[in-house]
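The block underneath contains the structure these notes are about, expressed in structure tokens.
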Amino acid sequence: MISLGEPDVKGNGVVVTNDRLAIKLSLSDQAVTDQNVQPDPEEIYPTVGDYTFLKEIDGKHVLFDAVSDQIVKINPSIYQLFQYCDGFHSLKDLTEIAQTLGLPVGIDDLNRYYTELSHHKLARMHLRRKVESPRVLLINPPLPFSSENYAFQNVYPPLGLLYLAGQLVENGCEVEFLDMSVDDMQPGEIGRYIDQLNGPIDMVGISLNMTCSYARAVRIAGNVRDALPGVSIIMGGNHATMTYEELLVDRHCDLVCIGPGDHLIVQICDSLFRKAGPIEDVPGLAYWSRGKVQRTTPTKPTKIIKTVDFPAYHLIDIDRYDIGGRIPVITSTGCPYDCKYCSTVKFNGRRVSYFPVERVVGDLKKLMAMFGTNGFNFLDDSFSFNRKRMMEICALIQKEGLDIHWTCNTRVDMVDAEMLLAMKAAGCVGIFFGIESMDQAVLSRMHKRVKTEEIRDAVQWARDAGIMVRQSFIVGLPGETPETLKSTDDFIADTAPEEVQLSMLTIYPGTELAATPEKYDLTVHPLKWEEHNINIPHASTESMDREAIFTQYLKMRLNLAEAMR
């Protein structure tokens, strides 16, 4: 057993009891070759092995590595600092922490300690480039099954990642963009892709927005770790936000962006590569440090979005995506409602944040010039939530003389007859209403906060305005029965919508139904993450078991097919 000694009596150094600790700082040849930089103590970030344990035993402070079977006795000062060896604190940072804690340890002492620990495989010494233009690889993982198998799931441009890329490019970073879904790439192919890149990669961001992509996303992260040891891996998106603790405890990534990440990505780069401040000062993050998951201060959404740059559409070939002739656009985030089957509130917060009206129309004009198109699909959760803004957008589209056609998503209680006429005049040709059920008791229990009369009015107003309506319903909500589902069937038959989306209840992480299923008399049946899609029955209710829900769903599909012949 090697032993790292106690501070000397003067308190300004460390006495070492092993001759090998007298060697000078020497980084591994592999680390220097991989990063192509000169050794610089300020750029060295020590990390602890996944199976290296820090323990206090009978007053002695020790490290034990379960893989190499090595045990090391260390002094109390290093014991305290070792908890900060997480890949986010450099040797210089650790020295400053030591000073703050009043520990008698300098940077030369840390050089010697961590070099020796690295030699014994108890710590890893990583170099991080200190550069003004860090190079970031952004990855959109593939769907769990081949895209040609998805009749209901279009392969859309990953707009969230494109917004992140836009922020990075505008702030002097280099971006490599890989959308594995459009090519149906397998996780095992990521290593070959990285090998073909010229030059170093400083950071990798992986989107984990869709629950069904979880398994592939973490496999991609593992393959990235093998190909780029020491690189910082960040995950973000809806599912990553809801499962950040699992991702970090299992060490699938180093950082998780909690909620929208477009305003965080540049701050992360500034902290890691431009020495703009510690990672703890970047709001809205979770990471693993000191043996547990750490959270920074949550972000607070603003009402008006002013700092998000135009998405980096130049990084993709839009013709390779199944967009139905309409470029996807996002002009706002957030939803003030808290439907019990939805996780939007937990991801975006209750405050709705908007792009200014002039920015919205300006972006449309940019996209028209860029792609030669006049078709758009607004992906906002509730595009017409702010009536005044909606009317101003419609007025400005007409004032600018934009000959466009577009579709959008919204709620039935966020439209009226006058607004729908204005939307039609500004080019709206289709609207998606998430109705979910035509039984008032079911809607109330799910906190939908709409009346069935409002649903009927909104559908009729849209039809009167000449706007196509797509109605969406969930089969198997708590309180639903075969009898209540008949009211939904009758409504569909009465209104004869142009499009209908039927889905079965799926319990997604971050929803109230997932957090407290017993409150809603739900029995949640285990599914693999990749099976979390709206076409696989997931739960039983007090009124219908899983098989009954599945049967009712198929019955309604057959009835719908007959009615729409």
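Reckoned from all heavy atoms, side chains included, excluding hydrogens, waters and symmetry mates.
- Contact of the T541 side chain with the L522 side chain is registered, since non-hydrogen atoms from C-beta on lie closer than 4.5 Å.
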For this session: Using the side-chain hydrogen bond (donor to acceptor under 3.5 Å, both in side chains) rule, take Y163 and D309 through it: C-alpha gap first, then chi angles, then the decisive distance, then the call.
Result: CA-CA 7 Å; Y163 270 107; D309 295 297; over 6 Å; no
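- Of the possible polar contacts, one joining the E454 side chain to the K451 backbone as a donor-acceptor pair under 3.5 Å is found.
- With S384 contributing its side chain and M414 its backbone, the two residues share a donor-acceptor pair below 3.5 Å.
- Judged by distance alone, the side chain of S472 and the main-chain N or O of F433 form no donor-acceptor pair under 3.5 Å.
- Defined by atom type and a distance below 3.5 Å, a donor-acceptor pair is present between the side-chain atoms of Y337 and D413.
- Looking at N238 and S343, their side chains do bring a donor and an acceptor atom within 3.5 Å of each other.
- L505 is not listed as a side-chain neighbour of I549, based on a closest heavy-atom distance of 4.5 Å or more.
- Under 3.5 Å, the side chains of T551 and R546 contain no donor-acceptor pair of N or O atoms.
- Using a 4.5 Å cut-off on side-chain heavy atoms (C-beta onward), M235 and S207 make no contact.
- The one candidate from V360, V361, V329 that meets the side-chain contact (heavy atoms from CB on, under 4.5 Å) condition with F355 is V360.
- With no hydrogens or angles considered, no side-chain donor-acceptor pair links S540 and T523 at under 3.5 Å.
- Counting only N and O atoms by type, the side chains of E480 and S437 include a donor and acceptor under 3.5 Å apart.
- Test Q501, R411, Q471 against I435 for side-chain contact (heavy atoms from CB on, under 4.5 Å) and you get one pass: Q471.
- In this structure, Q294 contributes its side chain and S289 its backbone to a donor-acceptor pair below 3.5 Å.
- Scanning all heavy atoms of the two residues, the minimum distance from V352 to P336 falls at CG2-CD, 3.6 Å.
- Y214 and H239 have perpendicular rings, their planes meeting at more than 60° on a 0 to 90° scale where under 30° would count as parallel.
- Proximity of a side-chain donor or acceptor of D380 to a complementary backbone N or O of S332 within less than 3.5 Å is detected.
- Counted by atom type alone, R295 and Y244 present one or more donor-acceptor pairs between their side chains at under 3.5 Å.
- Annotation: cation-pi geometry satisfied between K366 and F310 (NZ/CZ under 6.0 angstrom from ring centroid, within 45° of ring axis).
- Taking the six-membered ring for Trp and thresholds of 30 and 60 degrees, H532 and W529 have ring planes inclined between 30 and 60 degrees apart.
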Problem set entry | Verdict with supporting geometry, E358 and R389, salt bridge (charged side-chain N to carboxylate O under 4.0 Å, His left out) | CA-CA 11 Å; E358 295 75 15; R389 176 179 180 267; over 6 Å; no
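- Between the side chains of N171 and Q167, no donor N or O sits under 3.5 Å from an acceptor N or O.
- A salt bridge links E418 to R387: one of the charged nitrogens lies within less than 4.0 Å of a carboxylate oxygen.
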Exercise. Can T333 and R351 be said to form a side-chain hydrogen bond (donor to acceptor under 3.5 Å, both in side chains), step by step?
Worked result: CA-CA 8 Å; T333 60; R351 164 165 266 180; over 6 Å; no
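- Counting heavy atoms from C-beta outward, M185 and L178 have side chains that approach closer than 4.5 Å.
- Side-chain N/O atoms of Y156 and N377 include a donor and acceptor closer than 3.5 Å.
- Residues E498 and R463 are in side-chain contact: their nearest non-hydrogen atoms beyond the backbone lie under 4.5 Å apart.
- In this structure, S271 contributes its side chain and G277 its backbone to a donor-acceptor pair below 3.5 Å.
- The aromatic ring centroids of W406 and F383 lie less than 6.0 Å from each other.
- A donor-acceptor contact shorter than 3.5 Å is absent between the side chain of D250 and the backbone of H252.
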For this session: Check the pair L137 / V224 against side chain to side chain contact (heavy atoms under 4.5 Å, CB included), numbers first and verdict last.
Result: CA-CA 10 Å; L137 170 60; V224 167; 5.5 Å; no
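- Annotation: side chain of C428 is not in contact with side chain of L420 (no heavy-atom distance under 4.5 Å).
- Formation of a donor-acceptor pair under 3.5 Å by the R216 side chain with backbone atoms of L143 is found in this model.
- With salt bridges taken as basic N to acidic carboxylate O contacts below 4.0 Å, none links K340 and E512.
- Residues D179 and Y321 have side chains that bring a donor and an acceptor to within less than 3.5 angstrom of each other.
- Looking at F491 and D494, their side chains never come closer than 4.5 Å, going by heavy atoms from C-beta outward.
- Panel note: side chain Q398, backbone A395; no donor-acceptor pair is recorded below 3.5 Å.
- For the pair R320 and D183, the salt-bridge criterion is met [side-chain N within less than 4.0 Å of a carboxylate O].
- Panel note: side chain T243, backbone E246; no donor-acceptor pair is recorded below 3.5 Å.
- When only modelled atom types and interatomic distance are considered, D439 and S487 share no side-chain donor-acceptor pair under 3.5 Å.
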